[in-house]
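Below is one structure, written out as structure tokens; comments come after it.
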There are 2 protein chains.
Amino acid sequence: MSVVLQKSVLEQAREDFIAQWGALGTAWGINRTMAQIHALLLVSPDAVSTDEVMDSLEISRGNANTNLREMVGWGLARSVLKKGDRKEFFEAEKDVWKIFCIIARERKKREIEPASQVLKNCEINTKDLGSAEAKAFNQQMADLSEFVSLASSVLEKIATSEESKIMPKVLKLFH
Amino acid sequence: MSVVLQKSVLEQAREDFIAQWGALGTAWGINRTMAQIHALLLVSPDAVSTDEVMDSLEISRGNANTNLREMVGWGLARSVLKKGDRKEFFEAEKDVWKIFCIIARERKKREIEPASQVLKNCEINTKDLGSAEAKAFNQQMADLSEFVSLASSVLEKIATSEESKIMPKVLKLFH
DNA sequence: TTATACTTTCAATATTTACTGAAACTTCAA
DNA sequence: TTGAAGTTTCAGTAAATATTGAAAGTATAA
């Protein structure tokens with residue numbers, strides 16, 4: 001006779017969310033484990049210990065530790081102490097706007113700023129050349145550079161704003 | 001006695017751009033080769049053949065072919081025929097705004113829409129549960145879902161607009 | 001101190017993703 | 001037709017990334 005532990009609908013939904021969010025992390029340039037831990041913390045009512053993360057996601061201690069640290073570094077999680085317990089516990093930032101700002105800033109830093117730098121260098125290095133071909137190249141770099149800089153400053157502006165101040169403006173884009 | 005072929009400043013700048021753009025591609029979730037081919041086409045005055053891509057970037061025929069096809073699929077490149085030549089040549093879309101729109105649409109499709117779907121499912125599956133914990137989970141999913149949908153429609157709106165119509169509005173975000 | 005609970009590190013390994021190159025396929029001119 | 005020019009495919013391999021697990025490091029209570 002076998003005993004089947006029935007998962008509640010809620011438990012099932014939590015697990016689905018964690019699995020799917022992990023898969024999506026990849027598309028976002030975030031490694032699977034980090035995205036899964038993020039999902040786990042997001043849907044956990046209480047702060048979670050490293051061991052609970054290891055057990056839930058069936059990952060090694062090293063992996064859990066590294067990714068939790070990185071999340072704390074990003075500001076996506078914070079460590080909290082429970083009285084009478086020596087372990088560290090972690091809880092996620094749950095405010096959607098704040099999560100968005102953190103990710104936007106991180107991506108800007110990792111993706112946009114290096115691109116911007118490359119373009120500016122290429123532009124500067126060809127500024128004084130005289131041939132038509134060189135002028136075309138220089139112009140191409142200038143166009144790209146200007147656009148990327150603009151994108152960067154728009155993102156910066158949005159990601160450092162209060163939600164209540166910027167959202168009405170964004171919604172107006174649809175006039 | 002050795003002969004040194006001196007690279008012109010322009011050639012050097014082109015090569016730098018290609019190498020760097022390739023490295024950045026990775027951060028953008030675009031594979032290195034595709035980003036390099038894109039860079040090569042962007043800075044080539046004339047349309048380029050598969051063999052020229054292979055030679056310039058020192059990559060295999062298979063790799064060149066696959067990535068060129070994919071770029072055509074995205075709309076980042078088009079194939080052109082030169083009269084008197086049986087080969088296909090490729091040229092890049094060079095308009096920065098159009099490039100942006102293409103990448104935005106592609107990323108929306110690959111990254112935002114799947115996320116949105118996951119969130120909606122999780123929300124629906126827990127809609128009717130009664131416990132406080134379930135209600136909190138459901139609310140979390142609803143918040144995320146709403147935000148992602150909004151982001152998606154803003155991106156859609158921007159990426160399908162004429163540059164001249166949307167840019168003034170975007171610039172106004174800075175009031 | 002020292003034993004214990006807990007955290008961090010990192011070399012070895014596994015997994016995922018990209019690339020090669022040669023064979024199969026297609027197209028077209030003679 | 002045939003064959004030369006060009007293109008596509010894909011099994012095998014290489015490169016990049018993520019993960020493990022055990023050893024070393026820290027902090028705390030006794």
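First the proteins, then the strands, lettered A, B, ... as listed; each starts at 1.
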> Hey, where on DNA chain D does chain A first and last touch, going 5' to 3'? Cut-off is any atom under 4.0 Å from a heavy atom.
Replying inline: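 Span of nucleotides near chain A: dA18(D) to dT28(D).
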> Can any side-chain N or O of S44(A) pair as donor or acceptor with the backbone N or O of A47(A) at less than 3.5 Å?
Replying inline: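 Side chain of S44(A) to backbone of A47(A): no pair is present.
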> Short question: side chain of S161(A), backbone of K157(A) - any donor-acceptor pair under 3.5 Å?
Replying inline: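 Flag set: sc S161(A) to bb K157(A) pair under 3.5 Å.
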>> For dT8(C), does the base pair up with any side-chain atom of R61(A) as donor and acceptor (N or O, under 3.5 Å, distance only)?
In response: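 Looking at the base of dT8(C), it does not pair with any donor or acceptor on the side chain of R61(A) (distance under 3.5 Å).
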> Should the pair H38(B) and W21(B) be assigned to parallel (<30°), tilted (30 to 60°) or perpendicular (>60°) ring geometry?
Replying inline: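 Tilted, since the angle between the ring planes falls between 30° and 60°.
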Tell me the interatomic distance from [X], atom [atom1], to [N], atom [atom2], rounded to whole angstroms.
X	N	atom1	atom2	result
R32(A)	dT17(C)	CZ	C1'	14 Å
D55(B)	dT20(C)	CG	P	13 Å
D85(A)	dT4(C)	CG	P	18 Å
N63(A)	dA11(C)	CG	P	17 Å
M54(A)	dC6(C)	CE	C1'	12 Å

> dT8(C) phosphate, OP1 or OP2: any side-chain N/O from N65(A) under 4.0 angstrom?
Replying inline: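 Answer yes for this pair, as a side-chain N or O of N65(A) is under 4.0 Å from OP1 or OP2.
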> Within less than 4.0 Å of OP1 or OP2 of dT8(C), is there a side-chain N or O belonging to T66(A)?
Replying inline: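 Answer is no, no contact under 4.0 Å.
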>> Any donor-acceptor pair under 3.5 Å linking the side-chain atoms of S149(B) with those of E146(B)?
In response: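 Their side chains do not contain a donor-acceptor pair, so the 3.5 Å distance test is not met.
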> So does R14(A) pair up with E133(B), basic N to acidic O under 4.0 Å?
Replying inline: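 The answer is yes: the pair qualifies as a salt bridge.
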>> Can you tell whether the side chains of K87(B) and D51(B) come within less than 4.0 Å, N to carboxylate O?
In response: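 Salt bridge: no.
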> So which of residues 36-43 of chain A are in contact with DNA chain D, with a heavy-atom cut-off of under 4.0 Å?
Replying inline: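 The stretch gives none, as no residue of it lies under 4.0 Å from the strand.
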> For atom NZ of K94(A), is the number of surrounding heavy atoms from other residues, nucleotides or ligands below 6.0 Å larger than 12?
Replying inline: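 Yes, enclosed.
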>> Counting only heavy atoms from other residues, nucleotides and ligands, does the tally under 6.0 Å from NZ of K82(A) exceed 12?
In response: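 Counting neighbours around NZ of K82(A), more than 12 heavy atoms of other residues, nucleotides or ligands fall under 6.0 Å, so yes.
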> What pairs of residues pass the side-chain hydrogen bond (donor to acceptor under 3.5 Å, both in side chains) test when at least one of them lies in residues 135-144 of chain A, not counting sequence neighbours?
Replying inline: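 For residues 135-144 of chain A: T126(A)-N138(A), Q139(A)-D143(A).
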>> Over all strands shown, is N31(A) touching base, sugar-phosphate only, or nothing at heavy-atom distances under 4.0 angstrom?
In response: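 N31(A): backbone/sugar contact only, no base atoms under 4.0 Å.
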>> Taking the minimum atom-to-atom distance to the side chain of R86(B), which one of dC28(C), dC6(C), dA18(C) wins?
In response: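 Selected nucleotide (nearest to the side chain): dC28(C).
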